[in-house]
Amino acid sequence: MKENRYVLDFKIQYSISIPAYDNIILTLVFLQRKSDIRKVMSMISWWSESAPFIQIFGGHHFIYISIIVFLLILLLRKKEKVKKHRKRIAAVVLTIFILQQILLYGWYIFETGFDISESLPLHISRITSLFGIYFLITKNLRVLDIIFFFGLFAYASFLYPQRVYPIYHVIGLSFLINHAITLLLPYFAYIAYDWRPKFSGLKKAYAAFLVYFTFVYFLNPMIDGNYFYLKHRPFLQHWPDYLYVPGTLIVVFSGFLLAYFVARLISKWTEKQRLS
């Protein structure tokens with residue numbers, strides 16, 4: 001059957017094929033239900049797994065970055081209020097975090113049937129979010145070292161997003177909430193609880209990363225997974241594992257070390273500013 005122009009226009013607009021929805025759209029076309037066609041197409045854009053991913057340095061990418069920058073500036077400009085109302089802020093953030101988790105895994109259940117190759121809480125941002133929830137409940141500062149160093153990957157996700165949906169998509173919104181809280185939680189703890197990164201925390205975080213990386217490296221081939229983006233690599237796709245794996249471990253340790261020294265320098269500078 002020749003495709004109706006509404007189906008073709010939609011595919012051309014988003015440069016994708018959505019066979020799961022073709023029969024629905026064609027049936028509505030046959031029944032002359034143009035308003036319902038628009039509703040189906042709208043649902044595809046904000047819910048469907050087949051919706052297009054954002055383009056790097058495209059409009060949606062800059063929207064994500066702008067929101068994070070705005071929230072960071074707001075947090076830093078309201079230090080006194082943050083410290084004064086830290087319990088209330090922590091409770092609000094915890095509630096949002098839990099709702100985000102429900103949204104994320106609910107979508108995986110209803111849209112993908114909870115495909116374990118993608119749905120498990122084994123992306124490093126999802127693991128970091130679980131540590132974040134634990135901190136917001138217990139206020140245990142020791143876990144913040146892992147949140148801080150694991151959260152560095154969230155910076156990479158924002159600067160070079162891989163397989164990220166637009167902000168109006170359910171998972172795009174989930175991505176924003178998850179990564180925003182993951183990124184900003186150490187700043188919040190720095191202001192509200194006087195937390196500071198420690199070198200012992202760096203070693204603990206890197207040891208935890210080695211355990212995580214080893215686990216997902218061997219699990220991915222068993223379930224056709226892409227955890228830590230080892231299947232769909234953002235860089236160096238053609239490198240063999242014997243180069244990519246040690247290279248990744250070296251780069252991650254170097255990044256942890258650099259972040260630690262930068263954080264310590266900022267901490268010393270802000271302390272001098274406060275005392276002067």
Side-chain angles (χ1 to χ4, degrees), residues 68-69 71-94 97 121-159 178-217 227-228 245-276:
I68 292 296
V69 171
L71 292 174
L72 177 58
I73 292 173
L74 185 66
L75 183 63
L76 296 177
R77 287 177 63 89
K78 303 292 183 180
K79 290 181 181 179
E80 294 303 320
K81 289 187 177 180
V82 168
K83 195 157 190 172
K84 181 179 179 181
H85 302 288
R86 63 185 187 181
K87 290 184 179 180
R88 185 180 302 173
I89 293 171
V92 170
V93 172
L94 175 62
F97 226 161
L122 291 177
H123 280 298
I124 199 160
S125 60
R126 296 178 191 171
I127 292 175
T128 309
S129 68
L130 296 178
F131 280 117
I133 290 172
Y134 174 78
F135 164 72
L136 290 168
I137 293 172
T138 66
K139 309 302 186 294
N140 186 338
L141 295 177
R142 289 179 295 178
V143 77
L144 272 164
D145 288 308
I146 292 179
I147 295 172
F148 172 69
F149 289 108
F150 276 25
L152 297 175
F153 295 102
Y155 287 97
S157 294
F158 269 103
L159 294 175
N178 183 301
H179 287 69
I181 297 177
T182 298
L183 283 175
L184 298 177
L185 204 53
Y187 293 96
F188 170 71
Y190 183 96
I191 295 168
Y193 296 97
D194 296 318
W195 168 82
R196 302 292 185 269
K198 300 180 178 65
F199 190 75
S200 59
L202 184 156
K203 293 188 289 185
K204 178 174 64 177
Y206 190 69
F209 173 77
L210 289 176
V211 173
Y212 163 77
F213 185 87
T214 303
F215 179 73
V216 297
Y217 179 81
Y227 299 109
F228 200 66
V245 169
T248 298
L249 299 181
I250 292 170
V251 169
V252 168
F253 182 76
S254 300
F256 281 15
L257 200 61
L258 177 62
Y260 168 76
F261 284 118
V262 169
R264 295 299 293 178
L265 286 173
I266 294 174
S267 178
K268 290 179 181 179
W269 181 79
T270 53
E271 189 65 20
K272 286 181 180 179
Q273 292 291 109
R274 187 179 68 83
L275 295 175
S276 61

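Every heavy atom of this structure was used, including side-chain atoms; hydrogens, water molecules and symmetry mates were not. Everything numeric here is computed off the predicted structure, so don't read it as measured data.
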Decide yes or no for V252 and F256: does some side-chain heavy atom of the first lie under 4.5 Å from some side-chain heavy atom of the second?
-> yes
Apply the test side-chain contact (heavy atoms from CB on, under 4.5 Å) to residues L185 and L136: give CA-CA distance (whole Å), side-chain angles for both, the deciding distance (0.1 Å), then the verdict.
-> CA-CA 9 Å; L185 204 53; L136 290 168; 3.9 Å; yes
Taking the six-membered ring for Trp, are F228 and F153 ring centroids under 6.0 Å apart?
-> yes
When you look at L144 and L141, which way does the side-chain contact (heavy atoms from CB on, under 4.5 Å) test go after all the steps?
-> CA-CA 5 Å; L144 272 164; L141 295 177; 3.5 Å; yes
Approximate separation, where rounding is to 0.5 Å, of I89 CD1 and K87 NZ = 13.0 Å
Begin from the C-alpha positions of F215 and Y227 and carry the test side-chain contact (heavy atoms from CB on, under 4.5 Å) through to its verdict.
-> CA-CA 10 Å; F215 179 73; Y227 299 109; over 6 Å; no
To the nearest 0.5 Å, what is the distance between CD1 (I68) and CG (L183)?
-> 5.5 Å
Dump the intermediate steps for side-chain contact (heavy atoms from CB on, under 4.5 Å) on L71 and L75, then the final yes or no.
-> CA-CA 6 Å; L71 292 174; L75 183 63; over 6 Å; no
Distance from T128 atom OG1 to I146 atom CD1, nearest 0.5 Å?
-> 9.0 Å
Residues forming a side-chain hydrogen bond (donor to acceptor under 3.5 Å, both in side chains) with S129, sequence neighbours excluded = Q101
Give every donor-acceptor pair under 3.5 Å between a side-chain atom in residues 186-210 and any protein atom, sequence neighbours left out.
{"residue": "Y187", "atom": "OH", "partner": "Y155", "partner atom": "OH", "Å": "2.9"}
{"residue": "Y190", "atom": "OH", "partner": "T270", "partner atom": "OG1", "Å": "2.7"}
{"residue": "D194", "atom": "OD1", "partner": "K83", "partner atom": "NZ", "Å": "3.3"}
{"residue": "D194", "atom": "OD2", "partner": "K83", "partner atom": "NZ", "Å": "3.4"}
{"residue": "R196", "atom": "NE", "partner": "S267", "partner atom": "OG", "Å": "3.1"}
{"residue": "R196", "atom": "NH1", "partner": "Y190", "partner atom": "O", "Å": "3.2"}
{"residue": "K204", "atom": "NZ", "partner": "R142", "partner atom": "O", "Å": "2.9"}
{"residue": "Y206", "atom": "OH", "partner": "L249", "partner atom": "O", "Å": "2.9"}

Contacts of I73 meeting side-chain contact (heavy atoms from CB on, under 4.5 Å) (sequence neighbours excluded), chain-then-number -> V69, R77
Distance col, row I124:CD1 vs L152:CG, nearest 0.5 angstrom, shows 9.5 Å
When rounded to the nearest 0.5 angstrom, what distance separates CD1 in I133 from CD1 in I147?
-> 10.0 Å
Output for pair (L184 CG, I181 CD1), nearest 0.5 Å, gives 8.5 Å
Kindly write out the residues that satisfy ring pair (Phe, Tyr, Trp, His ring centres under 6.0 Å) with F158, not counting sequence neighbours, or none if the list is empty.
-> F175, H179
What residues form a side-chain contact (heavy atoms from CB on, under 4.5 Å) with S254, not counting sequence neighbours?
-> I250
Residues two or more places apart in sequence or in another chain: which of them pass ring pair (Phe, Tyr, Trp, His ring centres under 6.0 Å) with F131?
-> none
